[in-house]
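In listed order, ligands and their atoms are each counted from 1.
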Amino acid sequence: MTELSNLTREDHAVQERIAARSASMIERTCAWSAINTGSFNTAGLRKLAPIIADAFSGLDAEVRMEEGDPFETVSANGETIQTDTGPILRVSARPQAPVQVVMSGHYDTVFPPGTFEAVKDIGDGKLNGPGLADMKGGLNVMLEALLAFEAGPFKDRLGYQIVMSPDEEIGNFASARALTEAARSGAHIGMTYEPCMDTGAMSGGRKGSAVFDIVLHGRAAHAGRAKEEGRSAIEAAAELVIGLEALNGQREGVTFNVGAIDGGSAVNIVPDLAIVRFGARAPDAPSAEWATGEVQRLFARATARDGIHGHFHGGFYRPPKPRNEAQQALFDAIRATGQAIGIELEFVDTGGVCEGNNIFAAGVPNVDTLGVRGGRIHSNEEYVVLDSFAERASLSALILNRLADGRLDGAGIKAMMGR
Ligand SMILES: [Zn+2]
């Protein structure tokens, strides 16, 4: 790893270039933050997408916008409805180059219009604002790293496919196919730009995440005159909820959480509808399979009740991303690269999920917290640490230099995925 922790002339060049552009990176991030892009704010997403496309057109790459796949949600009255968000941004460069990287990020935020607006300087070298860290800052880090890399001599040795999604915060249902397609087009390594911790710590292994909506139908009846003719969907749902929660603690690392229940109406009517909405997390593929099997078993038990039938929606939309041999080799290489610029990188396992899970599921080892340092994300106190823009863009540019000049063996790391 000694080679990785040394700086070459080309490494110095990318660092200098990035340092000189730190202020403009921050300024552009603030401008993007000022445009609300809550995942369901289609107008805001459509407004920002061409602005991002324009910024990325500075790369030696083809930039295009495409519509995402329509996806289904279950409404409060149990109906399946089609939902859409904004466009997907795709950037493609040198698909014939010997080293291929898939890169990703999202431009949506968790904040609907009117809930959290405006950027504020909160002192201490930090800015507070929606999406600054998660992850409009990360998109700018990715862009500057690529611009710096392409200004150097190794450009022709490395190509990339970038997917910037409008729907990461709601599960990438519209953009999952684009991510998988980009990862499977020959990528050796994946690089995603979620924020890292304020301390600089990055994510290691990630659990898989599932979302389920189970719709149960019973039979309505007047609760006073004909209670016995009714079949309560809420009673069936209650049994289901107890069964789901009882699964907690049964298998290492697997958790279930019933987050919401819809259904029923007046107290004098036997309820004919209940919707149980819940999530599950699992650390590896066999435990995800176990979790899914248990949910199916409980669904079968609920719908075996007299007069109850139901619909089953959902599953593990983000498969687990365990710390396997390939992932560990990549983390080690990135850690050594960080040492070249004096940063000590640490990789911590988490129950959280992101696009890195999808890229791993597509067979590509990846590191997914290459964005800015920040904290309090998904709250009105979200902040970004200003000096992390240049620091993290330099880290990414060095990774690209090393992949291109062969000091970091992307193909070798990818080959470990099958083991
Ligand atoms: Zn994010």
- With the Zn ion (ligand 1) as the reference point, give the N/O/S atom of Glu194 that is nearest. OE1
- Message: For Glu194, is there an ion pair with Arg206 - N to carboxylate O distance below 4.0 angstrom?
- Response: no
- Item | Electrostatic pair Lys126:Glu381 at N-O distance under 4.0 angstrom | no
- Task: Using the test side chain to side chain donor-acceptor pair (under 3.5 Å), find all partners of Gln296 that sit at least two apart in sequence or belong to another chain.
- Result: none
- Atom nearest to the Zn ion (ligand 1) - Asp134, N, O or S atoms considered: OD1
- Indicate if the distance from the Zn ion (ligand 1) to the nearest N, O or S atom of His106 falls below 2.8 Å. yes
- Query: Got a sec, which pairs hit ring pair (Phe, Tyr, Trp, His ring centres under 6.0 Å) with one end in residues 373-398, sequence neighbours left out?
  - Reply: none
